Protein chains: 2
Amino acid sequence: MDNAGQGLHARVLESLGPEIAAGEHRPGTVLRTDELAQRFDVSRTVIREAVRVLESMHLVESRRRVGVTVRATEEWNVYDPRVIRWRLAGADRPRQLRSLTVLRCAVEPVAAGLAARHASPEQCAALTEHAMGMVATSRGQQLDAYLVHDTAFHKTLLTASGNEMFARLHEVVAAILAGRTHHHVMFTDPDPAAVTLHVQVAEAIRTGDAARAEELTREITVGAMAELDILAP
Amino acid sequence: MDNAGQGLHARVLESLGPEIAAGEHRPGTVLRTDELAQRFDVSRTVIREAVRVLESMHLVESRRRVGVTVRATEEWNVYDPRVIRWRLAGADRPRQLRSLTVLRCAVEPVAAGLAARHASPEQCAALTEHAMGMVATSRGQQLDAYLVHDTAFHKTLLTASGNEMFARLHEVVAAILAGRTHHHVMFTDPDPAAVTLHVQVAEAIRTGDAARAEELTREITVGAMAELDILAP
DNA sequence: GGGAAGATTAAGTATGACGTTTGCGTCACA
DNA sequence: TGTGACGCAAACGTCATACTTAATCTTCCC
C-alpha cells in the first residue's frame, strides 16, 4: 500500500477510499465516526476530515443521527482521479477499464483534430519525438520504455488540443495504457501498425491536417477497443 | 447566494470555493486557517474541513509552516460538478462554456450511437416523450418548459448509452443548456431544425440505427458549437 | 390505532493545548 | 564574500473534551 500520504487523514483516506470504491461496503452501509476513530486509532477530528473528502467525492453521505452512509455507485464522482485509481485497483477493474476506454475513444480523435490547429511548434516537436521513441522501443521487450513514450505522446496530444477538459483526461489515458502493459496480455511487442499510426498522427498534426489527424487517431482508439473486445461504434 | 448548505463547513465552502474558482485569489496566494476562521466567524475545525474539500478538488494545497496555497488553474479537478458550477458562475464563464461544449460535442454523438444499441424500451419511450415535449413547447416563448424537456432528453440519452462516464456528463450538458437559455441570446424560439433533429434521434435510437443516431446527434452538437461561434471540427 | 411529546443517539461545533514540520534568518567558518 | 550548519518560530496537524443540534425511536395519551 502507498498509505504514505502525509498526515493521518490521508492515511485513513487511502484505506477507507479504496475499500468503498472496491465495493467492500455495500451501498447503504453505515459507518460510525467513533468506530472508525477506534479502528484507525486516530481522533474523531481526523476521521471527520477524511469523511469530508469522501463526501465531496459523493462516495458517502454524512447525516446526523444516522452516520456515514455509503452511496450508490451511480452517484460517485467517477471523474475524480482518486476514485478512478481506487476503482482500477479493485474488483471491477475490467468494467472500469472498458468505460474509460470508450470515453477515451470518443474524446481523443476530436482532441487530435483540435491539436492539428492549435499545437505549438514545441508540442509538435514533442509529439514527433515521442513517436520516434515509440518506434525505437517497439521491439525487443522494452515494454516499460515504450509505455513512457506512449503515455507522453497522448498527454502531449490532449494538452495540445487547447481544451482544458480534454487535457485533464491525460491521467485516464495514462491509466489505460499502464493497465494494458501491466495486466493485459501484452507479453509480445506492440503492434507495428499502431506504432506507425502514432508517427503518422504526429505528422498530420505538424502539417495542420485536422481531418487526417482525427481519422488516424480514431484508428488507434479503435484498436485499443478491439484489445478489450469492445466492438467499434 | 445559496449558502444554505447544511452545516457551517458547507457555508464556508460555498463562499470560499466560488472565490477561488472565479480567480479572485491569484494562484500562489496563501490563506491562513486562523484568518479564515476569524473572517467567517467559525472555529478552525470548520475551516479545516472546508479546506480539506478544496484540497481534494486540487483548488488549494495545504502545507505546514506555509499555509493554504491556491493552485494553478491547470491543476484543478475541472470535472468536479461543484468546480464546474463555481466557474460557470464566475468571470471566465464564456471560456468555460466553450470548453464544456467542445467536450459535449465529442461525447454525445458517440453516446447516441451506444444508446441505439443499449437503450431499454423505457428509455426509448422517455426519449420520444421528451422530443415530443420539445416540439410542443418550441413555439410561443415557452423557453423554460422547453429547457426542461431538452435537459431530460439529453440526460436520458447519456444514461441510455450504458457508459457510466458518459452518464455522469448529464450535469455538464444540463449546465450548457441552462446557460444558453438564461444568458445567451435566446429571446427567440428554438431553431425548428434542431427540434426536428431531436425527434429523429429518438426515432433512430428506437429503431437501433446506431450510425444514424450518431450522425444526427452530431448535427445537433455542431449547431450548439455554431451558437458559440466555435468552428466545427 | 394514531399522533404528538419527549428521550436518545450520533454527527456537528467550539475551544484550548500540544506536537510536528519546515521556511528562513543568523552566525560562524573557510 | 560565500557557504554551510544551526536553531527559532510560524503555521498546520492532532488530540481530548464539552457542548449543541437534529433526526429517529419510544412512549404515552387521546
Side-chain angles (χ1 to χ4, degrees), chain A residues 1-17 19-20 25-72 75-76 82, chain B residues 1-17 19-20 25-72 75-76 82:
Chain A
M1 327 246 189
D2 57 342
N3 286 1
Q6 348 245 52
L8 293 184
H9 66 94
R11 190 173 64 78
V12 172
L13 203 55
E14 288 297 323
S15 286
L16 251 188
E19 281 180 19
I20 296 171
H25 305 280
R26 309 312 310 170
T29 306
V30 291
L31 310 166
R32 258 83 56 91
T33 54
D34 285 319
E35 288 181 7
L36 292 174
Q38 193 171 0
R39 171 183 161 192
F40 289 103
D41 194 34
V42 295
S43 73
R44 207 163 62 100
T45 310
V46 172
I47 296 296
R48 287 178 51 73
E49 288 178 15
V51 167
R52 280 282 162 277
V53 176
L54 293 173
E55 196 177 28
S56 87
M57 297 170 174
H58 273 68
L59 289 183
V60 302
E61 185 185 9
S62 180
R63 288 174 56 201
R64 275 183 158 138
R65 162 72 192 184
V66 174
V68 178
T69 316
V70 178
R71 301 179 92 132
E75 302 182 81
W76 296 355
R82 256 177 308 192
Chain B
M1 324 246 187
D2 58 343
N3 286 2
Q6 350 240 55
L8 293 185
H9 66 93
R11 188 171 65 77
V12 172
L13 204 55
E14 288 297 323
S15 285
L16 250 188
E19 280 179 21
I20 297 171
H25 305 279
R26 311 309 313 170
T29 307
V30 291
L31 309 167
R32 258 83 56 92
T33 54
D34 285 320
E35 289 181 7
L36 291 173
Q38 194 170 0
R39 171 182 161 194
F40 289 102
D41 193 33
V42 295
S43 71
R44 207 161 64 99
T45 311
V46 172
I47 295 296
R48 286 178 52 73
E49 287 178 16
V51 167
R52 279 283 162 275
V53 175
L54 293 174
E55 196 176 29
S56 88
M57 297 171 173
H58 274 67
L59 290 183
V60 303
E61 185 184 10
S62 180
R63 288 174 58 198
R64 280 184 156 138
R65 163 72 191 182
V66 174
V68 178
T69 317
V70 178
R71 301 180 93 133
E75 302 181 82
W76 296 355
R82 257 176 308 193

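The chains referred to below are lettered A, B, ... by the order of the sequence lines, with proteins before strands, and numbering in each begins at 1. None of these values were measured; they are calculated from a predicted model.
Listed nucleotides C:dT13, D:dC12, C:dA11 differ in distance to B:Val46; the shortest reach to its side chain belongs to C:dT13. Side-chain atoms of A:Ser43 lie closest to D:dA16 of the nucleotides C:dA11, C:dT21, D:dA16. Between D:dT14, D:dG13, C:dT13, one nucleotide has an atom nearer to the side chain of B:Ser62 than all others, and that is D:dG13. Distances from the side chain of B:Val68 to the nucleotides C:dT13, D:dA23, D:dC12 place D:dC12 closest. Which of D:dC12, C:dG12, C:dG23 sits closest to the side chain of B:Val66 comes down to C:dG23.
Contact between the side-chain N/O atoms of B:Thr33 and the OP1/OP2 oxygens of D:dC12 is found at a separation under 4.0 Å. Contact check, B:Arg44 against C:dT13: no side-chain N or O comes under 4.0 Å of OP1 or OP2.
Rounded to an integer number of Å, the gap from CZ of B:Phe40 to P of C:dT13 is 14 Å. Put simply, CG on A:Leu36 is 14 Å from P on D:dC15, counting in whole angstrom units. Atom CG in A:Asp34 sits roughly 15 Å away from atom C1' in C:dT8 (whole-Å rounding). To the nearest angstrom, P of D:dG13 lies 11 Å from CD of B:Glu61. In this entry the distance linking NE2 of A:His9 with P of C:dG19 reads 20 Å, nearest Å. For the pair B:Arg64 CZ and D:dA9 P, the computed distance is 19 Å after rounding to whole Å. We find that CZ of A:Arg32 is positioned 14 Å from P of C:dG12, with the value rounded to whole Å. Between A:Gln38 atom CD and C:dA10 atom P there is a gap of 13 Å when expressed in whole angstrom units.
Comparing A:Arg65 and A:Thr45 by the nucleotide of DNA chain C that holds the closest heavy atom to each, the one mapping nearer the 5' end is A:Arg65.
Rounding to the nearest 0.5 angstrom, the gap separating the CG atom in B:Leu8 from the OG atom in B:Ser43 is 8.0 Å. Taken from NE2 in A:His58 to CZ in B:Arg82, the straight-line distance is 6.5 Å, to the nearest 0.5 Å.
At the heavy-atom level, B:Ile47 lies nowhere under 4.0 Å from the strands shown.
No hydrogens or angles were tested; on distance alone, nothing pairs the side chain of B:Arg48 with the base of C:dT13 as donor and acceptor under 3.5 Å. A donor-acceptor contact under 3.5 Å is not formed by the side chain of B:Arg63 with the base of C:dG23.
No side-chain heavy atom of B:Leu36 sits less than 4.5 Å from a side-chain heavy atom of B:Val12. A heavy-atom distance below 4.5 Å is not found between the side chains of B:Val53 and B:His9.
Residue B:Glu49 forms a side-chain contact (heavy atoms from CB on, under 4.5 Å) with just one option from B:Ile47, B:Thr45, B:Val51, and that option is B:Thr45.
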